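We use all heavy atoms of the structure for the numbers below, so side chains are in, but hydrogens, waters and symmetry mates are not. Below, read A as the first sequence line, B as the second, and so on, with proteins coming before strands; counting in each chain starts at 1. As the structure is a computational prediction, the values presented were derived from the model and not from experiment.
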Number of protein chains: 2
Amino acid sequence: MGQGTGKRRTREEILELSVPLFAEFGYYDVSMRDVAAACGLTPAAIYYHFSDKDHLYLEVVAHEFREKSAALLIDLNDSDAPWVRLEKFVTNLAHLAAKDEVFLRLIQWVRLDSEEKRQQKLAAHVLKDLFLVVHRLVTGLDCRCDPYLLSMSIVSLVLIPFEGRQIRKFMPGYRPEHDQPDVLARHVINLLRLGACQHHPAGE
Amino acid sequence: MGQGTGKRRTREEILELSVPLFAEFGYYDVSMRDVAAACGLTPAAIYYHFSDKDHLYLEVVAHEFREKSAALLIDLNDSDAPWVRLEKFVTNLAHLAAKDEVFLRLIQWVRLDSEEKRQQKLAAHVLKDLFLVVHRLVTGLDCRCDPYLLSMSIVSLVLIPFEGRQIRKFMPGYRPEHDQPDVLARHVINLLRLGACQHHPAGE
DNA sequence: GTCTATAGACGGATAGAC
DNA sequence: GTCTATCCGTCTATAGAC
């Protein structure tokens with residue numbers, strides 16, 4: 001192997017080791033020194049691979065999304081009925097959110113980004129694909145709702161309970177089972193199918 | 001009026017002028033110099049009123065929540081039917097979220113806070129009250145759902161579409177009307193009452 | 001490719017004059 | 001109460017040796 005391969009490998013290692021840092025602390029509260037230390041390198045070495053902090057951050061987020069969002073499409077067969085596919089997707093998303101706090105927090109940081117340009121890039125190149133998957137699932141449902149609003153609702157219903165995991169423990173009515181992805185997925189699916197109240201006492 | 005009143009007034013002015021700063025940029029990316037400049041003071045003057053940056057931030061968030069969360073209880077009469085009260089609350093929350101980006105972003109910063117102690121304080125003393133209001137509304141609904149999960153769902157459904165306002169514009173299917181609080185509130189209420197699909201073609 | 005060393009700006013916080 | 005002046009640490013980024 002030539003040097004080119006080694007260079008690429010180091011670059012990827014920097015990305016992978018930076019992901020949890022930026023996920024936990026966000027852009028401003030992670031210094032290039034922190035990144036370098038996590039990689040066992042010096043700051044100067046990081047600058048050899050990435051022109052500046054902004055480019056590093058953008059690539060970190062994009063890298064994490066490429067890695068993780070594939071898991072959401074597992075088990076989604078075109079042969080399944082629309083509601084079955086949606087249920088599988090919701091369950092997959094809940095499991096990803098429950099397991100992967102890193103992925104979840106990166107989405108939050110993107111939503112909060114105070115630099116407009118950077119946020120636009122991330123929205124258009126990174127988040128859009130995830131949203132598109134949901135949008136396609138929803139349009140197959142023969143729904144009364146606006147597909148766009150419904151897509152947004154589905155993502156919100158699944159992700160936000162896990163985003164606020166720490167906070168949620170302090171809210172009245174909390175029980176540990178609320179942290180289980182299958183419990184939340186079931187709740188969301190029921191809500192989407194029937195609403196919050198029981199209309200058919202005989203059915204289901 | 002004595003000096004004590006003047007001191008309290010300055011202190012409150014600092015709080016009010018700091019709110020939009022911390023809301024937009026978060027804890028780490030707002031310096032005491034920024035706060036001082038926004039108030040027309042020097043950093044040393046800020047330290048006369050607040051012992052350190054952390055205390056200032058905590059009081060800023062608490063102050064904003066005291067100011068704004070009262071608006072959510074407008075029009076909520078005990079004489080109304082449970083579903084009417086919920087609809088009013090959802091509408092109020094949607095309007096607050098649509099109008100008041102400052103309030104909305106502060107909630108996001110609290111959820112993302114990487115300092116556990118600070119986050120716990122804010123969750124227990126600031127967010128809890130808001131959640132309690134929803135929880136009480138929900139328990140009056142005679143619902144099939146877990147009240148805790150349903151409360152979380154309601155808050156998510158209303159707030160998150162406005163939190164991601166900038167991002168949402170880049171997602172497929174977006175139309176400007178999706179930004180109107182009444183449109184979203186209607187969508188959420190319909191979802192809660194009936195689910196995403198139409199079960200009663202003859203009714204409603 | 002990675003290092004040491006450093007420039008230059010900015011951060012939180014304090015001392016002491018007024 | 002608010003100021004000026006300052007301490008001291010950390011930040012991004014670069015220059016140049018190896």
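Here D:dA13 presents its P atom at 8 Å from CG of A:Asp54, a figure rounded to the nearest Å. At whole-Å resolution of the value, CZ in A:Arg9 and P in C:dG1 are 14 Å apart. Taking atom NE2 of B:His49 as the reference point, atom C1' of D:dT2 lies 8 Å away to the nearest angstrom. In this structure, the CG atom of B:Leu41 is 16 Å from the P atom of C:dG12, given to the nearest Å. Per the geometry, OH belonging to B:Tyr57 stands 17 Å off C1' belonging to C:dG12, to the nearest Å. Rounded to an integer number of Å, the gap from OH of A:Tyr47 to C1' of C:dT4 is 16 Å. The interatomic distance linking B:Ile14 (CD1) with D:dT2 (P) rounds to 7 Å, in whole Å. In this structure, CD of A:Glu13 is placed 14 Å from C1' of C:dT2, rounded to the nearest angstrom.
With ring centers used as reference points, A:Tyr28 lies 6.0 Å or more from B:Tyr28. With ring centers used as reference points, B:Tyr57 lies 6.0 Å or more from B:Phe50.
Neither OP1 nor OP2 of D:dA13 sits under 4.0 Å from any side-chain N or O of A:Ser51. An OP1 or OP2 oxygen of D:dC3 is reached within less than 4.0 angstrom by a side-chain nitrogen or oxygen of B:Thr42. Between B:Tyr48 and D:dT2 there is no side-chain N or O to OP1 or OP2 distance below 4.0 Å.
Annotation for B:Lys169: atom NZ counts as buried by contact number, over 12 foreign heavy atoms lying within 6.0 Å. Annotation: B:Asp142, atom CG; neighbour count of heavy atoms from other residues, nucleotides and ligands within 6.0 Å does not exceed 12.
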All N/O contacts under 3.5 Å from nucleotides 9-11 of chain D to the protein, with atom names and distances to one decimal?
{"unit_1": "D:dC11", "atom_1": "OP1", "unit_2": "A:Ser31", "atom_2": "OG", "d": "3.3"}

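Checking C:dA13, D:dT2, D:dC3 against the side-chain heavy atoms of B:Thr10 singles out D:dT2 as nearest. The side chain of A:Ala45 has C:dC3 as its nearest neighbour among D:dC3, D:dT2, C:dC3.
Each of B:Lys121, B:Lys117, B:Arg118 was compared with B:Asp54 under the salt bridge (Lys or Arg N to Asp or Glu O under 4.0 Å) criterion, and only B:Arg118 meets it.
Residue pairs meeting the side chain to side chain donor-acceptor pair (under 3.5 Å) criterion with at least one member in residues 126-137 of chain B: none, sequence neighbours excluded.
For the pair B:Leu56 and B:Met32, the tightest heavy-atom approach, listed with the atom from each and the gap, is CD2-SD, 4.1 Å.
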